[in-house]
2 protein chains.
Amino acid sequence: MPKPEVDPTAQLELRVDRSSPVPLYFQLSQQLEAAIEHGSLTPGSLLGNEIELAARLGLSRPTVRQAIQSLVDKGLLVRRRGVGTQVVHSQVKRPLELSSLYDDLEAAGQRPATTVLVNTVVPATAEVAAALGVAEGSDVQRVERLRLAHGEPMAYLCNHLPSGLLDLDTAQLEATGLYRLMRAAGITLHSARQSIGARAATADEAERLAEAEGAPLLTMQRTTFDDTGRAVEFGDHIYRPTRYSFEFQLLVRS
Amino acid sequence: MPKPEVDPTAQLELRVDRSSPVPLYFQLSQQLEAAIEHGSLTPGSLLGNEIELAARLGLSRPTVRQAIQSLVDKGLLVRRRGVGTQVVHSQVKRPLELSSLYDDLEAAGQRPATTVLVNTVVPATAEVAAALGVAEGSDVQRVERLRLAHGEPMAYLCNHLPSGLLDLDTAQLEATGLYRLMRAAGITLHSARQSIGARAATADEAERLAEAEGAPLLTMQRTTFDDTGRAVEFGDHIYRPTRYSFEFQLLVRS
DNA sequence: TCAATGCGTTTGTCCGGACAATCGAACTAC
DNA sequence: GTAGTTCGATTGTCCGGACAAACGCATTGA
């Protein structure tokens with residue numbers, strides 16, 4: 001009796017376009033990811049073995065492996081030697097990205113609004129200088145913003161940038177997020193150090209955020225680095241915890 | 001005039017042991033990582049090209065690339081086509097891992113202590129059932145712990161586990177962390193969904209943590225999944241923000 | 001009945017090579 | 001002097017193959 005055909009990728013219309021400039025492994029991984037997202041590849045199901053999949057697509061095994069590996073890195077697939085590769089069966093969202101409050105709100109359909117309170121050049125304090133790796137007292141760009149959703153204040157954002165890195169236009173800052181402006185300026189964000197904590201609101205903070213003095217606030221400090229390791233931004237943010245919390249998914253590095 | 005030798009890896013004593021069961025690419029990546037950590041490879045310096053490095057070590061280029069790639073994934077190196085591979089020059093610590101409060105405290109030299117308040121089997125509430133993917137009202141293991149450092153309460157940890165997954169011994173729970181017990185039981189942690197927020201302490205919480213009622217607290221909810229996507233733990237934790245904050249490094253996924 | 005062994009399957013590792021894409025710098029032409 | 005071009009260097013992608021290691025399962029043995 002022949003083994004029943006149970007390879008779920010056999011039913012999928014997988015194909016690659018060799019004339020496309022998009023790498024073959026990337027084409028394949030995108031199609032597999034779409035199939036998982038769409039539900040064509042159900043959680044727990046085993047992908048057929050790499051050799052056969054490669055043969056079916058007319059690709060080499062390393063190329064197929066590269067495609068699968070990228071999905072393993074994303075946490076969508078799990079490989080087991082001697083068993084096969086199967087779809088992780090869980091509600092995997094995207095793993096933690098370098099999140100931007102603006103993007104988060106927009107993704108939640110909240111139409112964020114921003115009020116720029118301060119946008120000027122100031123001498124760096126010791127804290128800012130240390131975070132950005134510049135001399136204390138040297139010029140840095142300081143931006144203070146109030147972020148609102150549905151007309152209610154959500155967060156107070158204070159950021160410092162190295163002077164001259166970016167031309168910060170107040171109108172642009174009110175129209176979009178800081179990260180988008182930086183990316184648009186050709187800065188490739190690479191990594192960030194974050195610290196998330198909580199504390200009671202001071203009188204000033206309470207007034208800005210329409211909270212009571214002493215109300216709990218969620219705080220976040222972040223230094224962002226570009227791909228050369230240069231610090232490009234230092235942010236000191238406070239959030240109203242009734243309106244915002246940090247949600248993310250993490251993967252264990254193996 | 002011959003080009004001056006500027007390849008910093010040439011000075012390094014890189015070598016691989018082919019008789020070792022440790023994969024060659026892993027041996028190489030570990031040595032490179034150690035060299036970066038130790039400062040032998042200074043930030044910004046260019047590694048010699050892959051071909052030459054492979055030849056020097058008697059390895060193939062794919063193997064060398066695999067070693068380098070793993071360090072790129074860790075954020076220690078940056079590749080630039082047409083230029084070379086260079087050491088990221090910044091204070092890159094480890095990127096965010098699936099952190100354990102116990103490990104965090106121990107790493108900080110704080111000698112954590114734990115008091116188990118509750119360790120029993122209870123019917124799952126709707127929230128717990130949804131998080132763990134079990135039926136509401138079915139049996140789940142409930143653990144409540146108080147974590148202390150230097151004799152001061154630091155966090156109140158409430159966790160739920162699927163029944164039968166793990167035999168939780170109270171003595172063991174007081175001696176080490178939950179994650180360590182799970183790993184020791186052969187469970188491979190894979191990913192987690194976290195939510196970090198803040199709120200004011202209730203009277204009960206305040207008493208447990210030696211805080212005042214209404215004091216700001218840092219809260220964290222987490223569902224952890226193993227490598228098959230099964231939920232293996234749901235935790236609802238509160239921390240004293242004067243004693244603890246979440247610090248981590250993130251990388252942008254390219 | 002239960003443990004140990006053997007075997008096929010599948011992924012993990014590694015090789016050696018080929019060509020393309022991109023970057024930076026030197027060079028050339030205007 | 002400046003802009004465009006060419007060229008060498010380096011990484012990116014892809015191939016086809018080989019053997020090792022681990023897993024699950026059936027078989028065998030006590």
Side-chain angles (χ1 to χ4, degrees), chain A residues 1-9 16-30 45-73 77-88 186 188 227-228 254, chain B residues 1-9 16-30 44-73 77-87 186 188 227-228 254:
Chain A
M1 192 168 75
K3 194 173 81 177
E5 183 56 72
V6 291
D7 178 358
T9 63
V16 292
D17 177 8
R18 301 195 86 96
S19 67
S20 162
V22 178
L24 301 179
Y25 77 90
F26 193 74
Q27 292 183 36
L28 177 55
S29 72
Q30 276 195 319
S45 64
L46 258 67
L47 268 58
N49 73 45
E50 303 169 344
I51 317 267
E52 189 187 326
L53 185 56
R56 182 138 38 85
L57 288 168
L59 296 172
S60 71
R61 189 180 163 215
T63 303
V64 172
R65 276 183 68 78
Q66 195 173 1
I68 292 177
Q69 186 60 46
S70 72
L71 296 181
V72 171
D73 290 340
L77 297 178
V78 179
R79 317 174 93 137
R80 292 175 187 282
R81 194 189 309 213
V83 179
T85 303
Q86 57 185 162
V87 181
V88 160
T188 49
D227 54 2
T228 67
S254 56
Chain B
M1 192 166 74
K3 193 172 81 175
E5 184 57 68
V6 290
D7 178 357
T9 62
V16 292
D17 176 9
R18 301 195 87 95
S19 68
S20 162
V22 178
L24 301 179
Y25 77 90
F26 194 74
Q27 293 183 35
L28 177 55
S29 71
Q30 277 195 318
S45 63
L46 257 68
L47 266 59
N49 73 45
E50 302 168 344
I51 317 269
E52 189 188 325
L53 185 55
R56 182 138 37 85
L57 289 167
L59 296 172
S60 72
R61 188 178 164 217
T63 302
V64 172
R65 275 183 69 78
Q66 194 172 1
I68 292 177
Q69 186 61 47
S70 72
L71 296 182
V72 171
D73 290 341
L77 297 178
V78 179
R79 318 174 93 137
R80 293 175 188 281
R81 192 188 312 213
V83 180
T85 304
Q86 54 183 321
V87 181
T188 49
D227 54 2
T228 68
S254 56

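Lettering follows sequence order; numbering is per chain, from 1. Just so you know, these numbers use all the heavy atoms, side chains as well, and skip hydrogens, waters and symmetry mates.
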When rounded to whole Å, the CD1 to C1' distance for the pair B:Ile51 and C:dC19 reads 12 Å
B:Leu57 CG to C:dC15 P, in whole Å, measures 10 Å
(message) Check this one for me: any side-chain N or O of B:Thr85 less than 4.0 Å away from OP1 or OP2 of D:dT11?
(response) yes
In whole angstroms, the gap separating C1' of C:dT13 from CZ of B:Arg65 amounts to 16 Å
Closest to the 5' end of DNA chain C, once B:Ser60 and A:Glu50 are matched to their nearest nucleotides, is A:Glu50
Whole-Å distance, A:Asn49 CG to C:dG12 C1', equals 14 Å
Closest to the side chain of A:Pro62, out of D:dG16, C:dT11, D:dT13, is D:dG16
Hey, does the side chain of B:Gln27 reach the backbone of B:Asp17 with a donor-acceptor pair shorter than 3.5 angstrom? yes
So do B:Gln86 and B:Arg79 actually touch side chain to side chain, heavy atoms under 4.5 Å? no
Rounded to whole Å, the CG-P distance (B:Leu53 to D:dT10) equals 12 Å
(message) So A:Leu77 and A:Val88, do their side chains get closer than 4.5 Å, heavy atoms only?
(response) no
By nearest-nucleotide position on DNA chain D, the 5'-leaning member of B:Pro21 and A:Tyr25 is A:Tyr25
Of the listed D:dT11, D:dC14, C:dC15, the closest approach to the B:Thr63 side chain comes from C:dC15
| said: A side-chain contact here means heavy atoms from C-beta on lying under 4.5 Å apart; do A:Gln66 and A:Arg61 qualify? | reply: no
Of C:dT11, C:dA18, D:dC15, the nucleotide closest to the side chain of A:Arg61 is C:dT11
By nearest-nucleotide position on DNA chain C, the 5'-leaning member of B:Leu24 and A:Val83 is A:Val83
Query raised in the report: Do B:Leu28 and B:Thr63 have side chains that get closer than 4.5 Å, going by heavy atoms?
Result: no
When rounded to whole Å, the CZ to P distance for the pair B:Arg79 and C:dA21 reads 18 Å
Separation of C:dT11 atom C1' from A:Leu77 atom CG, nearest Å, is 13 Å
Whole-Å distance, B:Gln66 CD to C:dC15 P, equals 10 Å
Per atom distances to the A:Arg81 side chain, the nearest of D:dG12, C:dT10, D:dC14 is C:dT10
Of C:dC23, C:dC15, D:dT13, the nucleotide closest to the side chain of B:Leu59 is C:dC15
Under 4.0 Å, heavy atoms only, any strand: does B:Arg80 hit a base, just the sugar-phosphate, or nothing?
sugar-phosphate
